[in-house]
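Quick notes on the structure that follows.
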There are 2 protein chains.
Amino acid sequence: MKAAKSPATVEKTAAQPAKKPAPKTPRKRAPVPPPKPYHHGNLRDSLLDAADAVLLTHGASGITLREVAKAAGVSHAAPYHHFASLDDLLATVAERGFQRLIAALEPTTRLTNSRERLLQISEVYVNCARAHPSQFRLMFGPLLSRKREFPALQIAAERSFGMVVAAATALDPRRGTELALLGWSLCHGLSHLLIDGALEGMSMPLPPTALLARQLTERALDGGG
Amino acid sequence: MKAAKSPATVEKTAAQPAKKPAPKTPRKRAPVPPPKPYHHGNLRDSLLDAADAVLLTHGASGITLREVAKAAGVSHAAPYHHFASLDDLLATVAERGFQRLIAALEPTTRLTNSRERLLQISEVYVNCARAHPSQFRLMFGPLLSRKREFPALQIAAERSFGMVVAAATALDPRRGTELALLGWSLCHGLSHLLIDGALEGMSMPLPPTALLARQLTERALDGGG
DNA sequence: CGCTAAATCTTTCTCCCGTAAAGATTGTTC
DNA sequence: GAACAATCTTTACGGGAGAAAGATTTAGCG
C-alpha cells in the first residue's frame, strides 16, 4: 500500500512498519523531543520539498496538488490536513522562495562599498530567478496580490525588499527608496524577460545573466542617456 | 432527446460585429429582435472579445474555455473550430494585447526629442499594464516561452520591443540595444510589481503610476548613484 | 493497561475543466 | 436539389480541486 517513496526528497524519520515487535523504545534522535512526529514523519515539510521537486520537473503551470501528494507518497487528500488549499501550499512554497532569496542576499550585507553592494544584489537577484524560474514565477505571481491572506508570505517579501532599500539608502540617503525601486524594478523586469524567454530569438546577442544584470544596473547608476 | 431547442441562449455579451446585414430571423418572439446570425456570424472575433471580457471579470487565473464560450453564447466545444486549444486562444488574446500596446506606442514615434520619446514610452507601457493587468500577465506569461508555437504572438512581441529599440537607438546610437533593454526591463519590472500588488502596504508613498514610470526612467537616464 | 478524543491519512464523491468524437444544422457549390 | 464542407451541439472521458466520511494512529488520562 505505502510502498511508493519519494525519490530523493524525504530524509526525515520514516513511519515505522505497522507491526512493532520490540517493546516501546523511546527514540533518541535529537537532544530535544521533536514536537512534530506524527503519522508520516512530518508531512508538511515533505510536501513542500515535493512541491519544489514538482516545480523542477513539471514547471510552474503544471503543478498539481495531486502530483505533489503523489511525490510525497500520500493520498491526494492528505495535504488538506496541513494546508487549507492548493494556494495555501503554493504560498508557503513562495514564502520559502523569498527566504532563499534573503539567504542568498545576506552575504552582500557585509560589503562596505554601497555601489558594489547594489551591483551584487542585482546579480544575486537575477541569478536566483534564473536558477529557480518556476519558484520565481510563484513568488511574484497572482498569489502575491493576495498576500493579505498569507501573512508569512507578505513578511518574507517585505524583508527581501527591505534589504534592497537598505543598500540603496546607504548609497543615496536622501532618495534611497526611489533608488531601491529603480533597481528592484530593473532586476525584476530583467528576470521576468529572461525566464519567460522574451529575449530569445530577438537577433540580439546577450552577455551571461549575471554580467547583464551588472551592466544594466551600472548604466542605471551612472546614467544611460 | 430534445432535437429543436429554443434559442434561449443569453446575449449578455457585447457583440458588435455584424457581417451579415440581413439575417433572416427564423422565428420572432421579441418586439426587438437582436440581429444575431443563426450560425453566429464570425465566432472567432466574438470569442476573443468574450475572452477579454472574462479576463476583466474573472481575472487571468480564472479564465476558462467554457466560460469564454458561455460568454460568447455558444457551446463549450464550439471554440475548437476556430482555435486548436485553449492555449491557442489565449495566445491570440496575448497577441492582440501586444497589438494594442503597439497602437498605444504609435503616437510616441512622432516625437523628435529622443529622451522625451523614451520617457513617454515608459509611461505608456506601465499605463497599459495597469489598465489591462490580466492581459499583461497573459502577454508575458508562460505562453511567451512557447512563442515558437504561436508565430503571430512572436511577431507582435518583437514588433513592440522593436519600437523601444528604435527610440533608444535614436538617443544613443552606439549602445541603443542595451539602453532599450534597460528601459524595457525597468518598465516591465515596475509594471509587474504594480499589478501584482508587491508595492502595496509597504509603508512607502508612491506617486501616480505614469509619474512613477517617468521619474524612474529619468533617474536611470541621468544616473541614480 | 485500557479507554477516549483528537489528529492524521485514505476512500469516495461531486463539480468543473480541457478536449476528443459523433451527431445535428447551416451555408456553399455543382 | 443534392452532395459537401463548415459550423455548432451533445455526449463522453480523463483529470484536478476540494468536501465528506471512514479508517488508523497517536496523545491524553484514569
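Residue numbering restarts at 1 for every chain, and letters A, B, ... go by the order of the sequence lines.
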Protein-nucleotide distance (A:Arg44, atom CZ; C:dT8, atom P), rounded to Å: 11 Å
Minimum-distance nucleotide (side-chain atoms of A:His82 versus C:dC9, C:dT11, D:dG18): C:dC9
Criterion side chain to side chain contact (heavy atoms under 4.5 Å, CB included) against B:Thr209, the qualifying member of B:Arg130, B:Glu123, B:Arg214: B:Arg130
Parallel, tilted or perpendicular: rings of A:Tyr125 and A:Phe140 (30°, 60°): tilted
Whole-Å distance separating the OH atom of B:Tyr80 from the P atom of C:dG18: 7 Å
Listed nucleotide nearest any side-chain atom of A:Ala77, set D:dT9, C:dG18, D:dA19: D:dA19
Residue whose closest nucleotide on DNA chain D lies nearer the 5' end, A:Ala84 versus A:Glu67: A:Glu67
Nucleotide D:dG16, atom C1' - distance to CG of A:Leu90 in whole Å: 13 Å
Rounded distance (Å) that lies between atom C1' of C:dC17 and atom NE2 of B:His58: 14 Å
Listed nucleotide nearest any side-chain atom of B:Thr64, set C:dT19, D:dA17, C:dC17: C:dC17
Out of D:dT10, D:dA20, C:dG18, whichever nucleotide has its closest atom nearest the side chain of B:Ser75: D:dT10
Whole-Å distance separating the NE2 atom of A:His81 from the C1' atom of D:dT24: 12 Å
Residues A:Arg148 and B:Glu200 bridged, charged N to O under 4.0 Å: yes
Side chain of B:Arg66 (C-beta onward), nearest among D:dG18, D:dT10, C:dC17: C:dC17
Between C:dC17 (P) and B:Asp87 (CG): distance, integer Å: 16 Å
Under 3.5 Å: donor-acceptor pair, side chain of B:Arg66, backbone of B:His76: no
Closest nucleotide among D:dT10, C:dT19, C:dT10 to the A:Ala78 side chain: C:dT10
Flag if over 12 foreign heavy atoms under 6.0 Å of CZ, B:Arg146: yes
Side-chain-base donor-acceptor pair under 3.5 Å for B:His76 and D:dT11: yes
Atom-to-atom span, CG of B:Leu43 to C1' of C:dT26 - whole angstrom: 14 Å
Length of the line joining A:Asp88:CG and D:dA19:P, which is rounded to integer Å: 12 Å
